[in-house]
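We number each residue from 1, following the sequence as shown. As the structure lists them, so they are numbered: ligands from 1, and atoms in each ligand from 1.
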Amino acid sequence: MNKAELVNILSDNTKNDWLFKEADRIRHENVGDEVHLRGLIEFSNICKCQCKYCGLRSLNKNVERYRLSAKEILLAANNAVELGYKTIVLQSGEDDYFDTDKMCEIIKDIKKLDVALTLSIGEKTYEEYKAYKEAGADRYLLRIETTDKNLYESMHPKASYENRIQCLYNLKKLGFETGTGCLVGLPSQTIESLADDILFFKELDADMVGIGPFIPHGQTPLKDAKQGDFWLALKVMALTRLNLPDINIPATTAMETINSNGRIIALQSGANVVMPNVTSLEYREKYEIYPGKICLNDSAEQCRKCIGNKILSIGRTISENFGFRNS
Ligand code: SAM
Ligand code: SF4
Ligand code: FES
């Protein structure tokens with residue numbers, strides 16, 4: 001689709017039912033009925049960045065900061081493997097304590113468990129990404145967040161939009177399965193820029209795209225901003241499926257946070273991945289990127305069972321392979 005077509009569908013809610021059904025059909029045709037589960041380990045909430053929307057931003061002094069040891073990360077990964085996960089996702093703030101050597105050791109240890117490994121640890125240099133790849137990491141998630149350069153720069157003090165883009169192209173060049181995505185509902189974000197976001201996913205040839213509604217956090221400069229709209233986020237996701245038919249698209253936790261059936265609705269509107277939390281319970285509430293996050297008191301075992309049953313209840317199956325794009 002071109003920009004005008006995307007804008008047209010995004011601004012017209014009379015076509016929503018058609019869009020969601022069509023995205024579900026294209027998902028079924030291209031990636032089938034299997035849902036890939038990725039076990040998410042939130043291993044550090046320490047972050048040097050100041051993203052205006054995020055509760056973990058360095059200027060938020062009301063967060064009890066934590067950092068898992070390499071041993072604790074391995075324990076969580078082992079637990080996830082025992083629960084049947086075929087992919088581990090390591091996510092954190094931009095925490096310089098985990099330098100290249102430390103990260104590579106952790107990557108190598110996790111890869112011994114015969115899993116696919118995804119990293120989501122922010123902007124790094126080409127050399128750092130290269131070292132992670134050589135240590136065995138398979139995928140990397142780095143959302144562009146918004147392709148509106150002015151909005152990007154106003155949301156990320158001191159950060160460079162050009163560097164964000166460069167990081168994504170570096171990841172692609174290094175052979176990572178590269179994930180990106182955007183926030184829907186940032187203050188003063190336009191429908192036109194959401195259309196540009198989808199065109200950007202296509203231009204990058206993203207292998208994964210995660211779309212989430214913006215949820216205001218009380219300890220950030222955006223505390224009084226309006227929450228992103230669930231249905232608009234779902235439309236951006238469904239349009240992403242139509243335009244990149246064979247990629248992996250998660251039903252995001254943020255969607256379920258603002259709609260109690262959000263992940264299942266997303267799975268029936270184009271998504272084929274879910275990323276349940278496998279972080280130990282004592283750290284869950286400290287990783288508060290936005291308020292109201294689901295599963296704060298549910299163990300990895302409970303979440304695995306809960307989401308597994310939900311997926312089966314809509315006639316879908318749980319994948320037993322690594323879930324690479326086109327596999
Ligand atoms: N620090 C890494 C990064 O920024 O790429 C990974 C962790 S970060 C918490 C993961 C994602 O959380 C971000 O890409 C952002 O889109 C999302 N996020 C942060 N604050 C949010 C908010 N208030 N509402 C919804 N999503 C949010
Ligand atoms: Fe840090 Fe990521 Fe939050 Fe930005 S979105 S403040 S980089 S954890
Ligand atoms: Fe965590 Fe349902 S997925 S309790």
Side-chain angles (χ1 to χ4, degrees), residues 37 39-60 63 65 83 89-96 98 118-124 140-146 152 155-159 164 167-168 171 179-187 197 208-223 225-228 230 233 250-258 260-264 274-279 281 284 286-311 313:
L37 296 182
L40 175 67
I41 304 174
E42 296 164 336
F43 69 95
S44 165
N45 70 353
I46 298 171
C47 190
K48 65 180 181 191
C49 301
Q50 294 171 28
C51 309
K52 281 195 183 153
Y53 42 80
C54 181
L56 302 186
R57 66 199 305 266
S58 60
L59 295 177
N60 181 6
V63 188
R65 304 281 173 174
L83 291 170
V89 182
L90 289 183
Q91 192 182 81
S92 69
E94 291 204 12
D95 180 358
D96 286 340
F98 291 97
T118 307
L119 301 178
S120 173
I121 59 177
E123 292 181 26
K124 307 282 172 185
Y140 206 101
L141 303 176
L142 185 75
R143 288 182 175 173
I144 186 67
E145 315 291 2
T146 175
Y152 184 92
M155 288 292 129
H156 305 97
K158 298 190 201 144
R164 193 78 169 183
C167 283
L168 284 164
L171 290 164
T180 190
C182 63
L183 281 166
V184 176
L186 288 169
D197 293 353
M208 310 174 277
V209 173
I211 311 284
F214 156 67
I215 304 170
H217 186 293
Q219 310 287 339
T220 66
L222 302 186
K223 62 181 189 305
K226 202 168 146 251
Q227 178 173 287
F230 175 80
T252 57
T253 304
M255 288 208 180
E256 186 114 339
T257 299
I258 64 166
S260 59
N261 200 28
R263 288 176 303 177
I264 291 299
V274 182
M275 295 165 58
N277 206 321
V278 297
T279 315
L281 281 182
R284 295 271 181 108
K286 299 187 180 113
Y287 200 85
E288 195 190 51
I289 53 185
Y290 48 74
K293 248 177 93 184
I294 57 165
C295 307
L296 289 187
N297 298 308
D298 304 297
S299 67
E301 289 75 11
Q302 286 167 319
C303 287
R304 174 63 187 77
K305 207 180 268 175
C306 161
I307 197 67
N309 287 338
K310 285 186 186 185
I311 290 166
S313 79

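Using a 4.0 Å cut-off to heavy atoms of Ile289, the atoms of ligand 1 that qualify are 9 (C), 12 (O), 20 (N), 23 (N). Of all atoms in ligand 1, listed by their number and element, those nearer than 4.0 Å to a heavy atom of Tyr53 are 19 (C), 20 (N), 21 (C), 22 (C), 23 (N). Each of the following atoms of ligand 3 lies closer than 4.0 Å to a heavy atom of Arg263: 2 (Fe), 3 (S). Atoms of ligand 1 lying under 4.0 Å from any heavy atom of Tyr287, numbered from 1 in the order shown and given with element: 7 (C), 9 (C). Distances below 4.0 Å separate heavy atoms of Cys303 from the following atoms of ligand 3: 1 (Fe), 3 (S), 4 (S). Near Asp298, with a cut-off below 4.0 Å to any heavy atom, the atoms of ligand 3 are 4 (S).
Between the side chain of Tyr53 and the main chain of Phe214, no donor-acceptor pair closer than 3.5 Å is present. With hydrogens and angles disregarded, a donor-acceptor distance shorter than 3.5 Å links the side chain of Tyr140 to the backbone of Gly122. In this structure, the side chain of Arg65 engages the main chain of Asn45 through a donor-acceptor pair within 3.5 Å. Looking at Glu256, its side chain never comes within 3.5 Å of a backbone N or O of Thr253 through a donor-acceptor pair. Judged purely by atom type and a 3.5 angstrom limit, Glu94 uses its side chain to pair as donor or acceptor with the backbone of Glu123. A distance-only check finds no donor-acceptor pair linking the side chain of Ser44 to the backbone of Ser92 [under 3.5 Å]. Using a distance-only test at 3.5 Å, with no hydrogens or angles considered, a donor-acceptor pair links the side chain of Thr252 to the main chain of Ile211. Checked by atom type and distance alone, the side chain of Arg284 pairs as donor or acceptor with a backbone atom of Asn277 at under 3.5 Å. Remark: the backbone N or O of Gly210 is paired with a side-chain donor or acceptor of Arg143 at under 3.5 angstrom.
Considering each of Glu145, Glu123, Lys52, the one bringing a non-hydrogen atom nearest atom 14 (O) of ligand 1 is Glu145.
The shortest separation from a heavy atom of Gln91 to ligand 1 is under 4.0 Å, placing the residue in contact. Heavy atoms of Ser120 approach ligand 1 to within less than 4.0 angstrom.
Only the side chain of Leu183 comes within contact range of ligand 1, with a heavy atom under 4.0 Å; no backbone atom does. When heavy-atom distances to ligand 1 are checked against a 4.0 Å cut-off, Tyr140 has no atom that comes that close, whether in backbone or side chain. Contacts of Ala254 with ligand 1, taken as heavy-atom pairs under 4.0 Å, are absent altogether. Of the heavy atoms in His217, none comes closer than 4.0 Å to ligand 1. Counting heavy atoms closer than 4.0 Å to ligand 1, residue Pro213 contributes backbone atoms (N, CA, C, O) but none from C-beta onward.
Looking at Glu94 next to ligand 1, no N or O pair under 3.5 Å apart turns up. For the pair Ile215 and ligand 1, the shortest N or O to N or O distance falls below 3.5 Å. Here's the thing with Tyr290: none of its N/O atoms is less than 3.5 angstrom from an N/O atom of ligand 1.
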Let me see the working for His217 and Ile289 under side-chain contact (heavy atoms from CB on, under 4.5 Å), right down to the final yes or no. CA-CA 7 Å; His217 186 293; Ile289 53 185; over 6 Å; no
Evaluate side-chain contact (heavy atoms from CB on, under 4.5 Å) for Thr118 paired with Met275, printing each intermediate quantity in order. CA-CA 11 Å; Thr118 307; Met275 295 165 58; over 6 Å; no
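Among protein heavy atoms, the minimum distance from atom 2 (Fe) of ligand 3 is reached at Cys306 SG, 2.2 Å. Counting only heavy atoms of the protein, atom 1 (N) of ligand 1 lies nearest to Ser92 O, 3.0 Å. In this structure, atom 11 (C) of ligand 1 lies nearest to the protein heavy atom Arg143 NH1, 4.4 Å.
Shown are Asp95, Asp96, Val63, Leu56; of these, the side chain to side chain contact (heavy atoms under 4.5 Å, CB included) with Ile46 is made only by Asp95.
Side-chain contact between Lys52 and Leu186: absent, with no pair of heavy atoms (C-beta onward) separated by less than 4.5 Å. Counting only heavy atoms from C-beta outward, the side chains of Pro187 and Lys226 never approach each other to under 4.5 Å. At least one side-chain heavy atom of Pro221 sits less than 4.5 Å from a side-chain heavy atom of Arg57.
Within 6.0 Å of CG in Asn297 there are 12 or fewer heavy atoms belonging to other residues, nucleotides or ligands.
Distance remark: protein heavy atom not present below 4.0 angstrom from atom 3 (C) of ligand 1. For atom 2 (Fe) of ligand 2, the protein comes within 4.0 Å by no heavy atom at all.
Within the protein, the N, O or S atoms lying under 2.8 Å from atom 1 (Fe) of ligand 2 are Cys47 SG.
Here Lys293 does not pair with Glu288 in a salt bridge; the nearest charged N to carboxylate O distance is not below 4.0 Å.
Atom 2 (Fe) of ligand 3 has no N, O or S atom of Cys295 closer than 2.8 Å.
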